[in-house]
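Here is the structure we will look at.
In listed order, ligands and their atoms are each counted from 1.
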Amino acid sequence: MRIAKTPWPLPLLLPLLMLAPPATAQEPGGATGEIGDPERAERLYRAHCGRCHGVQGLGGEGPELAQLVLPRVADQGQLEQIIRDGIPGTGMPGATATILDDQAVALVASHVLRLGAQMATDTSGVTGDAERGHDLFWAAGDCASCHIVAGRGTAVGPELTIIGLRRGADYLREALRTPAARLPVARAGARSGFLEYLPVRVVTRDGDIYNGMRMNEDAFTIQLMTVSGTFVSLEKGDIAEMEKRVGHSLMPIARNLTGDDVEDLVAYLTTLGR
Ligand code: HEC
Ligand code: HEC
């Protein structure tokens, strides 16, 4: 998949946004009378996408879609392809999962483009100062002791290099204020449903104690990333006690952060990957 790295110049983009009736209008079986139907498009969007991208497209578990330029979308065809196929290996499901046929995919795509066009005249939900957020992240906030951004930091928690593409502002705010509220769950492939970043406390038969994040687990072994950033692989036969702390987060609650700090961090995180 091509990643559009540079924002499109506005004159190039606006004609694209005008392309409300999708290109698939001529497809066999496409009821052309319905295909430009903005109300049906919105209903489909709300039913199939709103839960992750927000009913207004402002983002949540998925990124904000109500923006003029979507980082991975160069044209409507590419947008339809993402909606049809999903983004493999990520939390973005394909149309088989969302049960949308080609006509519905085209309709939803037109609605997403409409959300973007509306955004052109709107301000986004991000009000913080990204530069100050950057400084907080790398200095005062101690975030890099658990997160990697562009190769710097430690991988105790999830890598945040492209977090701005992956999550919306509301989700990020909540992740900082009440970390245990939303623990990421793998949705793709064999690991589907696997709770990621599950904090685990292990006591071995030798009396060693490990507190860390489960990285992987099978019937015989478990791998942990400890809070100090070391990778440990343990045979289950050597484990005397194991406590899986479902619903807990190792991420410190942002109690030392003011409301402004959180907003500035959210503003900084939103820029990552764009
Ligand atoms: C289960 C949650 C979920 C659902 C349902 C969902 N998405 Fe997504 N979507 C995501 C996530 C998460 C990403 C970011 C993937 C990544 O990069 O990790 C994403 C990414 C995208 C992108 C890529 C944006 C870009 O350019 O980077 C588009 C477009 C998109 N989704 C559109 C849709 C549409 C339209 C629907 C409804 C048919 C939909 N999504 C349904 C979670 C979801
Ligand atoms: C002690 C380790 C630790 C520190 C310090 C830490 N985090 Fe986290 N963070 C985690 C873990 C683990 C997760 C995975 C989810 C969970 O457990 O809450 C996480 C999740 C996140 C997420 C959500 C990612 C997603 O895709 O769901 C964001 C955003 C985040 N952290 C930002 C920050 C910021 C900003 C700071 C600094 C103020 C910070 N973290 C400090 C461990 C840490």
Side-chain angles (χ1 to χ4, degrees), residues 1 3-4 41 44-53 57 59-65 67 69-74 78-84 86-95 97-100 104-105 107-113 115-116 133 136-138 140-147 149 153-160 162-168 171-176 178-185 187-188 195-199 211-214 225 227-229 245 247-254 256-257 261-262 264-266 268-270 272-274:
M1 189 164 311
I3 298 186
L44 283 169
Y45 172 85
R46 283 177 183 246
H48 296 281
C49 324
R51 139 173 96 92
C52 293
H53 292 283
E61 188 177 334
E64 182 180 340
L65 295 180
Q67 39 180 339
V69 180
L70 285 170
R72 277 178 277 200
V73 173
Q78 212 171 30
L79 178 56
E80 288 178 13
Q81 192 196 329
I82 290 181
I83 298 171
R84 206 166 34 240
I87 305 178
T90 76
M92 172 62 197
T98 50
I99 343 173
L100 294 169
V105 165
L107 269 175
V108 169
S110 70
H111 185 71
V112 170
L113 292 180
L115 286 174
L136 275 171
F137 188 95
W138 291 104
D142 197 30
C143 315
S145 68
C146 288
H147 292 285
V149 173
T154 309
V156 177
E159 173 165 358
L160 301 179
I162 57 161
I163 193 78
L165 295 183
R166 311 189 68 156
R167 311 290 191 195
Y171 179 103
L172 293 172
R173 224 169 261 129
E174 194 173 337
L176 294 180
T178 45
R182 299 190 183 208
L183 299 185
V185 174
R187 279 211 173 72
L195 194 56
E196 295 183 286
Y197 303 102
L198 177 69
N211 272 305
M213 210 65 62
R214 177 181 67 177
M225 177 66 87
V227 270
S228 49
R245 310 188 67 213
H248 286 258
S249 168
L250 275 197
M251 171 123 141
I253 295 186
N256 300 325
L257 301 173
D261 292 346
V262 170
D264 294 349
L265 281 166
V266 167
Y268 168 60
L269 293 171
T270 305
L272 295 178
R274 293 179 183 231

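Within the 4.0 Å heavy-atom criterion, the part of P93 lying near ligand 1 is the side chain and not the backbone. With a heavy-atom cut-off of 4.0 Å, I83 touches ligand 1 through its side chain alone. The proximity of I162 to ligand 1, defined as any non-hydrogen pair under 4.0 Å, does not occur for either the backbone or the side chain. By the criterion of a heavy-atom distance under 4.0 Å, neither the backbone nor the side chain of L44 is placed next to ligand 1.
Within ligand 2, the atoms closer than 4.0 Å to a non-hydrogen atom of M213 are 12 (C), numbered from 1 in the order shown. Every atom of ligand 1 with a heavy atom of L79 under 4.0 Å away is listed here by number and element: 29 (C). Proximity to E61 (heavy-atom distance under 4.0 Å) selects the following atoms of ligand 1: 12 (C). Close approach of ligand 2 to G157 is summarised as follows: ligand atoms under 4.0 Å from at least one heavy atom of the residue are 10 (C), 11 (C), 12 (C). Every atom of ligand 1 with a heavy atom of V108 under 4.0 Å away is listed here by number and element: 35 (C). Residue contact check: L172 has heavy atoms under 4.0 Å from atoms 29 (C) of ligand 2. Annotation for ligand 2: atoms under 4.0 Å from non-hydrogen atoms of S145 are 5 (C). Counting atoms of ligand 1 from 1 in the listed order, those under 4.0 Å from a heavy atom of L70 are 26 (O). Ligand 2 places these atoms under 4.0 Å from at least one heavy atom of P158: 11 (C), 13 (C), 14 (C), 19 (C), 20 (C), 24 (C).
For H48, no nitrogen or oxygen atom sits less than 3.5 Å from a nitrogen or oxygen atom of ligand 1, counting backbone and side chain alike. Residue-to-ligand polar distances place R72 within reach of ligand 1: an N/O pair is separated by less than 3.5 Å. For ligand 2, the polar-atom distance check against H147 finds a nitrogen or oxygen pair separated by under 3.5 Å.
For C52, every N, O or S atom stays at 2.8 Å or more from atom 8 (Fe) of ligand 1.
The side-chain heavy atoms of R72 and I82, taken from C-beta on, include a pair separated by under 4.5 Å.
The closest approach between any non-hydrogen atom of V105 and ligand 1 is not below 4.0 Å.
Under a 3.5 Å cut-off, the side chain of H53 and the backbone N or O of G60 do not form any donor-acceptor pair.
Selection from C146, P199, A175, C143 by nearest heavy atom to atom 43 (C) of ligand 2 gives C146.
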